[in-house]
Amino acid sequence: MTGIEVLELTKEYGNFRAVDHLTFTVRPGQVTGFLGPNGAGKSTTLRLVLGLSRPTSGSALIGGKAYTTLKEPMRQVGALLDAQSAHSSRIARDHLLALAVSNRIEARRVDEVLETVGLSHAAKRRVGAYSLGMRQRLGIAAALLGDPEVLILDEPSNGLDPEGIVWIRDLMRRLAREGRTVLVSSHLMNETASFADHLVVLDRGRLLADATMQDFIHAQVTPSVRVRSSDDALLLSVLAEHGHEPVPDDSGRWIVDNARLEDVGPITAAAGVPILELSSQEATLEAAYFALIANEDGRAADRTPVAAAGGVR
Amino acid sequence: MTALSPALRSEWVKIRSLRGTASALIAVFALTLVISVLVFATIGRSEADSPDYDPVFMAFYALNFAQVAAIYFGTAAFSSEYRNGALQVSLAAVPNRDRFYLAKMTSIGVPVLVVGLVTSFTAFLTSQAFMGEYAIGLGEPGALRACVGAGIYLALMALFAAGLTAVLRSGLIALSIIIPFMLVVSFVVGDLSAGIAEYLPDRAGQQVLRQHATGSLGPWGGLAVTAAWAAAAQLAGWWCVRRRDA
């Protein structure tokens, strides 16, 4: 069981605090989505975890050890950072071979991972001649070389075509099912919603949320139900009796806020309301995310005068 | 050494898989051979009559060109890590930066030393084949020392350039400092082989190529000065690689 533990991690560049006392844990067996707007500090955090940058304070451990102390790190952690991170005049196979031998990984694995990511046909082509999507696949191949327990992927679907996006989603889900730890950063909500079980949300270097996908959405967005009946009068009176305040939408349906299907279904059935349609208004990750960010911005605005008065920082 | 060898093998794969670095290494040998043949087949014997003729130093005439290839190799092998963010991937694979740096520099120094030694003996023997009555052998005083020294000199210049590249994070900037220095500064102040000019990395090291060293350093003393330059550049590069965020 190898997880990632980030503890009070802080990184400052001059006066700018890119990562601000960040603490979270990434568990094995699930895909953890690492969300935040551009510049939130996601990539910086991943680079700190991988020992590429030095933290100002705090620590990041993988399976209880700092990444830089791992002897053959690719066998434990596979990382995809920036799709550009391969010398453009080297052929793909040599790029992977140089990485493999540095961690005493058999050369046979190079051909295996090229096969896995669908680049066998282009193994002898120069990386410079690769499309963005192919480079992304090459980066993923590098991450998979050491058959690692932990995968850290920064924006893996960047540049992939629709087919590639489905492929990477299935790959990440399969890796998690195999019991591996998968941390995936993204700024695309619908994309993340399609593969993540757990979410870590970042804004301006600080942790905003660390929750399962479902808890996160429910905590941010109130559930609502959409209902249509052939007897509006009866429907409204029954709902009013139970304290609901439905509002009409523009297509003859009623929206009941703060209610779930389990609340509305039984009471309308018991009262004999003829129901034509009853469905839950799916709260999206996107809606939840924006609700959270908006909330946070409000709080940040409230906080500013206090911080100034207190002379903090 | 066992801990280093996977990183070393990796660095060697990187060097031979890039056209620029692989061909620079070949160029050290090929340039020397071609230029030696051209020069000695044409003007070799006439040079032998000039008053300050040093038969050993003359034999390494082509080394002036070979060293540019060696320096280019040193910069290109290291600067390839700064292309397309390659260093991130390299350090993710070998996160111990001391090990990474040592492997990288070994993979630069050792091949140049080997190719340099082969090149220097080849240059010497090739050039003498054209010299007729003026030909000297490896038994000539200073000749063997110059052949061995030339190989070491090339390796030191490559390491000097590689260290500087690590500091500057750019092969282009490193080259645009070293090459003008060698071609212009060293050349202009060249014949004043006393004072500060004597301690320039290329000037000092080339004393080992002479039968009769000029100036005060002597053949091995001169090479030691070049070694000190290389060591300083290497240490500065090491410090930068250890300390900087990748």
Side-chain angles (χ1 to χ4, degrees), chain A residues 11 13 18 43-44 46-55 62 65-75 77-105 107 110 126-128 135 138-139 142-143 145-146 152 154, chain B residues 1-24 72 75-104 106-108 165 169-171 239-246:
Chain A
K11 176 71 176 177
Y13 296 102
S43 293
T44 306
L46 299 185
R47 294 165 49 77
L48 289 166
V49 171
L50 295 169
L52 294 171
S53 300
R54 252 151 257 232
I62 297 175
K65 288 181 179 168
Y67 186 85
T68 48
T69 65
L70 300 177
K71 217 180 139 238
E72 285 165 351
M74 295 181 76
R75 292 169 175 273
V77 184
L80 166 75
L81 277 178
D82 182 343
Q84 298 298 320
S85 302
H87 197 294
S88 53
S89 17
R90 202 171 266 132
I91 66 168
R93 196 178 180 285
D94 285 338
H95 170 68
L96 293 177
L97 186 64
L99 292 174
V101 298
S102 71
N103 278 246
R104 295 194 303 132
I105 296 164
V110 171
R126 281 175 207 287
V127 178
R135 259 177 250 175
L138 180 63
L145 261 181
I152 296 176
D154 196 1
Chain B
M1 203 59 205
T2 45
L4 186 63
S5 70
L8 208 51
R9 285 187 57 203
S10 171
E11 290 305 329
W12 180 240
V13 172
K14 289 185 199 171
I15 281 172
R16 65 175 170 73
S17 64
L18 277 188
R19 209 180 275 163
T21 47
S23 46
Y72 175 77
T75 55
F78 207 97
S79 67
S80 66
E81 294 291 344
Y82 297 109
R83 274 282 294 281
N84 313 105
L87 185 63
Q88 295 183 7
V89 175
S90 296
L91 287 180
V94 183
N96 182 322
R97 297 193 184 188
D98 297 344
R99 187 180 300 164
F100 167 76
Y101 190 78
L102 192 58
K104 178 67 92 187
T106 307
S107 75
I108 292 171
T165 305
R169 279 185 279 194
S170 158
W239 189 77
C240 288
V241 166
R242 284 193 84 170
R243 221 176 142 267
R244 279 188 194 133
D245 286 345

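Every chain is numbered from 1 and lettered A, B, ... according to where its sequence line falls, protein lines coming before strand lines.
- Here the side chains of A/Leu80 and A/Asp154 are not in contact, with every heavy-atom distance at 4.5 Å or above.
- Taking the salt bridge (Lys or Arg N to Asp or Glu O under 4.0 Å) definition, one finds that B/Arg244 meets it with nothing, sequence neighbours left out.
- Residue contact with chain A, scored on non-hydrogen atoms closer than 4.5 Å, involves the backbone of B/Arg243 exclusively.
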Show which side-chain atoms of residues 93-102 of chain A pair as donor or acceptor with protein atoms under 3.5 Å away, not counting sequence neighbours.
residue, atom, partner, partner atom, Å
A/Arg93, NE, A/Asp111, OD1, 3.0
A/Arg93, NH2, A/Asp111, OD2, 3.3
A/Ser102, OG, A/Leu99, O, 2.6

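- With a 4.5 angstrom heavy-atom cutoff, A/Leu50 does not touch chain B via any of its atoms.
- Between chain A and the options B/Glu11, B/Lys14, B/Arg9, heavy-atom pairs under 4.5 Å are most frequent for B/Lys14.
- Using a 4.5 Å cut-off between heavy atoms, B/Arg19 touches chain A through its side chain atoms alone.
- Taking OG1 from A/Thr68 and CG from B/Leu91, the interatomic distance works out to 11.0 Å, rounded to the nearest 0.5 Å.
- For a residue to count as touching a neighbouring chain, one of its non-hydrogen atoms must lie under 4.5 Å from one of that chain's; by this rule A/Leu70 touches chain B with the backbone only.
- Distance check, rounded to the nearest 0.5 Å: OG of A/Ser88 to CZ of A/Arg135 gives 7.5 Å.
- Most heavy-atom pairs under 4.5 Å with chain B, from the set A/Arg104, A/Met74, A/Arg54: that is A/Arg54.
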